[in-house]
Protein chains: 2
Amino acid sequence: MKHSPNSSSIEDYVKVIYAYTEWQDKPITSSALATRLGVANSSVSEMVRKLKDQGLVDHEPYSPIHLTAEGLTLALAMVRRHRLLETYLVRELGYSWDEVHDEAEQLEHAVSDHFIERMSAKLGHPSRDPHGDPIPDAQGRITMVPSHRLDELDPGHTGRISRISDHDPALLRHLEAIGIGVDTRLTVLGQPRFGAGLQIAFPDATNDVGPLTLSDEVAASLWLASEGAHPDCSVQELTGGSLMTPYSDAQ
Amino acid sequence: MKHSPNSSSIEDYVKVIYAYTEWQDKPITSSALATRLGVANSSVSEMVRKLKDQGLVDHEPYSPIHLTAEGLTLALAMVRRHRLLETYLVRELGYSWDEVHDEAEQLEHAVSDHFIERMSAKLGHPSRDPHGDPIPDAQGRITMVPSHRLDELDPGHTGRISRISDHDPALLRHLEAIGIGVDTRLTVLGQPRFGAGLQIAFPDATNDVGPLTLSDEVAASLWLASEGAHPDCSVQELTGGSLMTPYSDAQ
DNA sequence: TCTATTATTTCGGTGTACCTAAACTTTGAA
DNA sequence: TTCAAAGTTTAGGTACACCGAAATAATAGA
């Protein structure tokens with residue numbers, strides 16, 4: 001029932017379980033969790049049993065792992081912490097885009113709720129972090145934006161980058177170097193195939209370095225929000241038991 | 001020799017050992033360390049052995065504990081972290097005087113050196129925290145101010161409060177309520193005796209609530225810097241092996 | 001100087017979060 | 001339908017930072 005002295009490992013496990021389903025539906029498996037946390041499979045089995053005892057996950061042996069409503073609440077609180085911290089480090093302490101992740105990773109376990117809310121207020125309660133990821137509010141609600149992974153789009157699709165995965169600093173520097181950031185406008189030219197890469201162009205004069213080829217790996221780290229039709233924000237309630245499902249463009 | 005994965009317990013032990021000798025000379029004993037850390041004596045014995053193995057303290061069984069040069073360097077780094085964090089929380093995030101200690105206590109183990117230096121720069125490299133305690137610079141040097149504990153002064157002594165011990169939030173609120181803060185000007189009227197209290201007056205019109213009696217406990221938390229003669233700052237090098245000795249007024 | 005008190009250390013044991021290796025399920029290819 | 005490969009859990013073990021109780025050293029008073 002209660003998960004009293006919120007150890008930072010528990011917070012990490014729950015956060016990774018949540019993150020896995022943030023942009024797709026398949027629940028996480030034991031080994032995927034182990035890989036993402038950088039621990040042995042056996043450590044995951046043991047820890048998942050503990051998370052289950054504390055009511056944070058549902059789990060049957062040899063099956064994937066799901067967050068309970070309580071686990072989801074904790075996960076969203078951690079995601080809020082992480083993304084607010086990243087935003088704060090960039091805006092208030094002059095961190096560069098690619099430096100913030102590791103610092104936020106440490107800080108998210110150490111700061112108090114009071115600290116988080118002060119920070120949020122000082123920043124004007126932002127709803128996106130520097131990578132374009134949505135920041136849950138204090139009640140765990142998230143503002144969603146219609147978006148697709150670049151490597152899942154057809155040629156001709158135009159929009160602006162709404163989100164960039166923040167796990168590889170080298171990638172972030174590379175993207176910055178070639179002029180791609182959150183809100184950069186792009187047109188998809190050639191369809192991506194694994195190993196073949198993705199052709200894109202910058203419709204904006206400001207970024208006009210002509211067509212560009214991105215590797216599949218890079219394309220998979222970029223999300224494009226369509227222009228027109230769904231400009232921004234369908235809000236979903238996430239506090240209760242309902243899992244977040246990313247907006248699915250049915251065009 | 002090396003104290004590689006700087007566990008936060010090690011940091012706490014070293015910090016407390018240092019703090020004990022910051023305002024007087026007697027080295028700390030095993031049991032005093034245990035009390036201040038809130039752990040059992042047996043835990044201290046064990047941990048001190050480890051600190052000795054890592055070259056952070058000198059210690060013979062049944063004797064008091066001294067920091068080595070290396071230990072002092074680590075302690076001063078932690079003190080710098082703590083005091084810069086307190087200053088930052090007050091100045092940038094609107095924390096009140098009495099809220100900062102616990103938050104800083106957590107954060108000092110989690111933030112990177114990069115974070116600390118950004119913060120220091122943003123604050124204009126302050127040399128005092130909100131309690132008036134000196135902040136060591138990045139090389140571990142401290143700017144000292146001549147000062148005495150209020151309960152060690154004779155009647156007639158006049159000066160301004162230069163430092164207030166930050167360990168009791170209730171005390172801080174009380175002092176604020178009766179108009180005493182860092183830089184408040186005071187005159188000592190009646191000599192303190194244990195259990196009897198200390199008589200003081202505010203020479204400043206702004207604080208003129210007349211003579212006041214403070215308990216010995218409160219008086220022991222207040223430091224008075226003399227006016228005139230020694231206005232501010234004799235600087236001592238603290239990086240190497242030399243322990244800090246508080247300025248001693250020979251008048 | 002001897003003893004009683006106090007201070008400190010040693011000893012055996014706890015919980016957490018890891019690990020490797022072995023045992024066990026599940027899955028999918030033949 | 002079977003069985004080997006892949007995925008998962010169990011078993012046994014480590015390091016860390018604690019604990020209380022027992023043993024030992026220091027100290028101070030008679």
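Since this is a predicted model, take the numbers as computed values, not measurements. Just so we're on the same page: letters track the sequence lines, and every chain starts at 1.
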[X] side chain: which of [options] is closest?
| X | options | answer |
| --- | --- | --- |
| S30(B) | dT9(C), dA17(D), dT10(D) | dT9(C) |
| S31(B) | dA7(C), dA17(D), dG7(D) | dA7(C) |
| S42(B) | dT16(C), dA17(D), dC11(C) | dC11(C) |
| S43(A) | dC19(D), dC19(C), dT24(D) | dC19(C) |
| A40(B) | dG20(D), dT8(D), dT10(D) | dG20(D) |

Whole-Å gap separating [atom2] ([N]) and [atom1] ([X]):
| X | N | atom1 | atom2 | result |
| --- | --- | --- | --- | --- |
| D53(B) | dA15(D) | CG | P | 14 Å |
| E60(B) | dT9(C) | CD | P | 11 Å |
| Q54(B) | dA17(D) | CD | C1' | 13 Å |
| Y62(B) | dA23(D) | OH | C1' | 8 Å |
| H109(A) | dT16(C) | NE2 | C1' | 15 Å |
| L37(B) | dC18(D) | CG | P | 8 Å |
| N41(B) | dA25(D) | CG | C1' | 14 Å |
| M47(A) | dA17(C) | CE | P | 4 Å |

| So, does H59(A) use its side chain to make a donor-acceptor pair with the main chain of S63(A) at under 3.5 Å? |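 Yes, the answer is positive, given that a donor and an acceptor are paired below the 3.5 Å cut-off.
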| Between E46(A) and S63(A), who's closer to the 5' end of DNA chain D by nearest nucleotide? |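 Looking at the nearest nucleotide for each, S63(A) comes out on the 5' side.
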| query | Are E11(A) and R81(A) close enough for a salt bridge, meaning some N to O gap below 4.0 Å? | reply |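 Looking at E11(A) and R81(A), the cut-off is not met.
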| field | Considering all heavy atoms, the nearest R83(B)-P134(B) contact | value |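 Nearest pair, atom of R83(B) first, then P134(B): NH1-O, 2.7 Å.
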| OP1, OP2 of dA17(D) versus side-chain N and O of S9(B): anything below 4.0 Å? |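 For dA17(D), OP1/OP2 do have a side-chain N/O of S9(B) under 4.0 Å.
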| query | Hey, is the side chain of K50(A) poking within less than 4.0 Å of OP1 or OP2 on dG15(C), counting only N and O atoms? | reply |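 No, because none of the side-chain N or O atoms of K50(A) sits under 4.0 Å from OP1 or OP2 of dG15(C).
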| message | Taking the side chain as everything from C-beta on, heavy atoms only, tell me whether L33(A) gets closer than 4.5 Å to V48(A). | response |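 Side-chain contact under 4.5 Å: yes.
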| task | First locate atom CG of L171(B), then atom CG of L222(B), and finally report the distance between them rounded to the nearest 0.5 Å. | result |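 Going from the CG atom of L171(B) to the CG atom of L222(B) covers 7.0 Å.
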